[in-house]
Number of protein chains: 2
Amino acid sequence: MGTEAVKQAKNINIWLDQLNEESKAAISVDCVIFGYDDESIKILTIESDMPPHLGKRSLIGDLVKKDENLDGAAQRVLETVTGLKGVHIQQVHAFADPGRHPLGRVLTVAYYSLIKIEEYTLTDFKDKGLKWMDIHSLQKMAFDHKEILDASFSLLQRNVRTRPIGFELLPKKFTLQELQSLYEAILGISFDKRNFRRKLRSIDILLDLDEFTEGNAHRPAKLYSFDHKKFKAVSGKKEFNFQI
Amino acid sequence: MGTEAVKQAKNINIWLDQLNEESKAAISVDCVIFGYDDESIKILTIESDMPPHLGKRSLIGDLVKKDENLDGAAQRVLETVTGLKGVHIQQVHAFADPGRHPLGRVLTVAYYSLIKIEEYTLTDFKDKGLKWMDIHSLQKMAFDHKEILDASFSLLQRNVRTRPIGFELLPKKFTLQELQSLYEAILGISFDKRNFRRKLRSIDILLDLDEFTEGNAHRPAKLYSFDHKKFKAVSGKKEFNFQI
DNA sequence: TCAAAAGTGTTAACCCTACACCCATGA
DNA sequence: TCATGGGTGTAGGGTTAACACTTTTGA
């Protein structure tokens, strides 16, 4: 906060008064948890138990604790609900319209997070109405969560082409076809297989594992993983322009 | 906020308790006010009057009022300090580290705003230490405002190439040279004059005013303005890809 | 041997980049 | 007439986009 508000202040008591009276609000984080299951983009949702939104699908969030920062709160929520630590998160937007929450003024900071859908373990939430929902099936949600979801997905679509984050949604080892299908699911467009592969080859951030898929009734596919070292090396170069 | 926090709740009283006790904070907006003066990007700053940041340059912000939304609070701050309504604003990021503010927990939502530097009128703030600072001269600021400035400028650099917002920093009528210099100042790179003009021509969002600059000791330059109608028409097209 | 997905090269169109000179004006 | 910035076209290189067939495996 700047100092505009205290233009008549002779001392900081006015500040303190304002902090106490005028504009305090509860602060929460809401996590848009993206997953990918080889078919489409999924969102982990819970069933809302708060009137008037009882029964609607809701994002997963919590109040931010005293002495906790926003990223930390988001990580805590994610660990609580999925058991995963160090998940990739990205702050999206703050939502604070008066009236967005039935119990009073609650400012929420939205995060998107990308998890490998096969690695998570739903802890003790199984009977709490946790459910993976296809992103396109979520048309109405509790509170302003549909608006939060839309903003988060837009930012994901914007970021995924220029940052190495797609890999966060795939198993550690993946085929080029899986990678392409993921991009297609996120962006809603389709790529030419040969052009897509040439692009990835030219960016040079994948590690060829010299392993193959097994057990399919067709030719096995090579497995790759995202190579952090290669990316670090290559992203330092001036002419580097990650663009899928 | 989702419903994760209430997994043990039998009724909403626990909610209310939490809202009252646990995680309330003051909420402010801070505006990074960008201007352009034909030389470089400037930030409108004020002198901080709060220890321990007394005398340092500070962004301009205020507490968010009850029943005010975030965009509205930012617009109010901007009107108060510049006299301008309907300024272009963009929410950037929420900052809430415990300890970021000396008086207690204050979550601030950062906005960048783009104003035509010649149109604003400093209202009754002239003796409050308001000052346009060159963006590159601001190395230390009050609170975490340098971090906020950096995040805002990064987002501006990212947005300016793909959204028609550069014009918000120029007078209504401008020359192509002015537009090019603006982009160069924001992005820190230089463009080829002929290529830049060809690009703008191909995007086709400028209105040729058939007017010319006057009073210069050289050939007059054509004046253009941003054409909202053209942009609307052209941005609807599927193949449209604004990219300067 | 069949079905199903993996993998691979070439060409044409387009876009980006680099580059140099004449023009119109006021002093 | 000179100094100053305004304004314009072309050619080469690189990138993107469109396109179809062979390979490998399990059933």
Side-chain angles (χ1 to χ4, degrees), chain A residues 36-39 160-162 170-171 173-185 187-225 234 237-244, chain B residues 36-39 160-162 170-171 173-185 187-225 234 237-244:
Chain A
Y36 175 68
D37 67 353
D38 279 350
E39 281 194 11
V160 76
R161 299 194 78 144
T162 52
L170 292 176
K173 303 176 178 185
F174 51 84
T175 69
L176 292 178
Q177 187 56 56
E178 287 169 345
L179 187 62
Q180 180 179 340
S181 299
L182 169 67
Y183 275 89
E184 291 176 339
L187 296 168
I189 58 182
S190 56
F191 293 97
D192 177 273
K193 182 160 58 158
R194 281 170 288 193
N195 293 339
F196 184 82
R197 282 158 192 247
R198 184 175 16 256
K199 188 70 174 186
L200 263 294
R201 227 177 294 133
S202 80
I203 296 176
D204 191 29
I205 53 174
L206 295 186
L207 188 62
D208 182 340
L209 296 171
D210 256 315
E211 295 177 51
F212 294 84
T213 55
E214 288 171 26
N216 297 317
H218 54 78
R219 180 172 173 174
K222 249 195 179 182
L223 289 169
Y224 294 84
S225 66
V234 94
K237 291 185 192 165
K238 204 177 173 184
E239 75 276 13
F240 176 67
N241 193 13
F242 191 130
Q243 171 78 35
I244 291 171
Chain B
Y36 175 67
D37 67 352
D38 279 349
E39 280 193 10
V160 77
R161 298 192 79 146
T162 52
L170 292 176
K173 303 176 179 186
F174 51 83
T175 68
L176 292 178
Q177 186 57 55
E178 286 168 346
L179 187 62
Q180 180 178 340
S181 298
L182 169 68
Y183 275 87
E184 292 176 337
L187 297 168
I189 58 182
S190 55
F191 292 97
D192 178 273
K193 182 162 55 161
R194 279 170 291 190
N195 294 340
F196 183 84
R197 282 158 192 248
R198 184 177 16 255
K199 187 69 174 184
L200 264 294
R201 226 177 296 133
S202 79
I203 297 177
D204 190 29
I205 53 174
L206 294 187
L207 188 63
D208 182 340
L209 295 171
D210 256 315
E211 295 177 52
F212 295 84
T213 55
E214 288 172 25
N216 298 315
H218 54 77
R219 179 173 173 176
K222 248 194 180 181
L223 290 168
Y224 294 83
S225 65
V234 96
K237 292 185 193 165
K238 205 177 173 185
E239 76 276 13
F240 177 67
N241 192 13
F242 189 131
Q243 171 77 34
I244 290 172

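Protein chains get the first letters and strands the later ones, always in sequence-line order, with residue 1 at the start of each.
The 5' end of DNA chain D is approached more closely, in terms of each residue's nearest nucleotide, by A/Lys199 than by the other of A/Lys199 and A/Asp192. When the nearest nucleotides of DNA chain C are assigned to B/Lys193 and B/Gln243 by heavy-atom distance, the more 5′-ward of the two goes with B/Gln243. Comparing A/Arg198 and B/Arg198, the nucleotide of DNA chain D nearest to each residue sits closer to the 5' end for B/Arg198.
The environment of CD in A/Glu214 is sparse: at most 12 heavy-atom neighbours from other residues, nucleotides or ligands sit within 6.0 Å.
Protein chain B contacts DNA chain C from C/dC16 to C/dG26, reading 5' to 3' and using non-hydrogen atoms of the protein with a distance under 4.0 Å. In 5' to 3' order, the nucleotides of DNA chain D bounding all contacts with chain A (an atom under 4.0 Å from a heavy atom) are D/dT16 to D/dG26.
Proximity of a side-chain donor or acceptor of B/Asp37 to a complementary backbone N or O of B/Glu39 within less than 3.5 Å is detected. A donor-acceptor pair under 3.5 Å is formed between the side chain of B/Glu184 and the backbone N or O of B/Phe191.
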Tell me which donor-acceptor pairs under 3.5 Å the side chains of residues 202-213 of chain B have, and how far apart each pair is, sequence neighbours excluded?
{"unit_1": "B/Ser202", "atom_1": "OG", "unit_2": "B/Lys199", "atom_2": "O", "d": "2.9"}
{"unit_1": "B/Asp204", "atom_1": "OD1", "unit_2": "B/Lys230", "atom_2": "NZ", "d": "3.0"}
{"unit_1": "B/Asp208", "atom_1": "OD1", "unit_2": "B/Asp210", "atom_2": "N", "d": "2.9"}
{"unit_1": "B/Asp208", "atom_1": "OD2", "unit_2": "B/Lys222", "atom_2": "NZ", "d": "2.6"}
{"unit_1": "B/Glu211", "atom_1": "OE1", "unit_2": "B/Lys173", "atom_2": "NZ", "d": "2.9"}
{"unit_1": "B/Glu211", "atom_1": "OE2", "unit_2": "B/Lys173", "atom_2": "NZ", "d": "3.1"}
{"unit_1": "B/Thr213", "atom_1": "OG1", "unit_2": "B/Ala221", "atom_2": "N", "d": "2.8"}

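Not a single side chain to side chain donor-acceptor pair (under 3.5 Å) links A/Thr175 to another residue, sequence neighbours left out.
Residues A/Phe196 and A/Leu179 meet the side-chain proximity criterion, which asks for heavy atoms closer than 4.5 Å. Residues A/Leu200 and A/Ile244 are in side-chain contact: their nearest non-hydrogen atoms beyond the backbone lie under 4.5 Å apart.
Between the axis at the start and the axis at the end of the helix from C/dT1-D/dA27 to C/dC15-D/dG13 there is an angle of 20°, using five pairs per end and rounding to 10 degrees.
Taking a 4.0 Å limit (strictly below) on heavy-atom distances, residues 212-222 of chain A reaches DNA chain D at A/Asn216, A/Ala217, A/His218, A/Arg219, A/Pro220.
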### Task
Show the numbers, then the answer: is there a side chain to side chain contact (heavy atoms under 4.5 Å, CB included) between A/Asn195 and A/Arg198?
CA-CA 5 Å; A/Asn195 293 339; A/Arg198 184 175 16 256; 2.6 Å; yes
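Smallest separation of non-hydrogen atoms from B/Leu170 and B/Tyr36: CD2-CD2, 3.8 Å. Looking at every heavy atom in both residues, B/Gln177 comes nearest to B/Arg197 through N-NH2, 4.0 Å.
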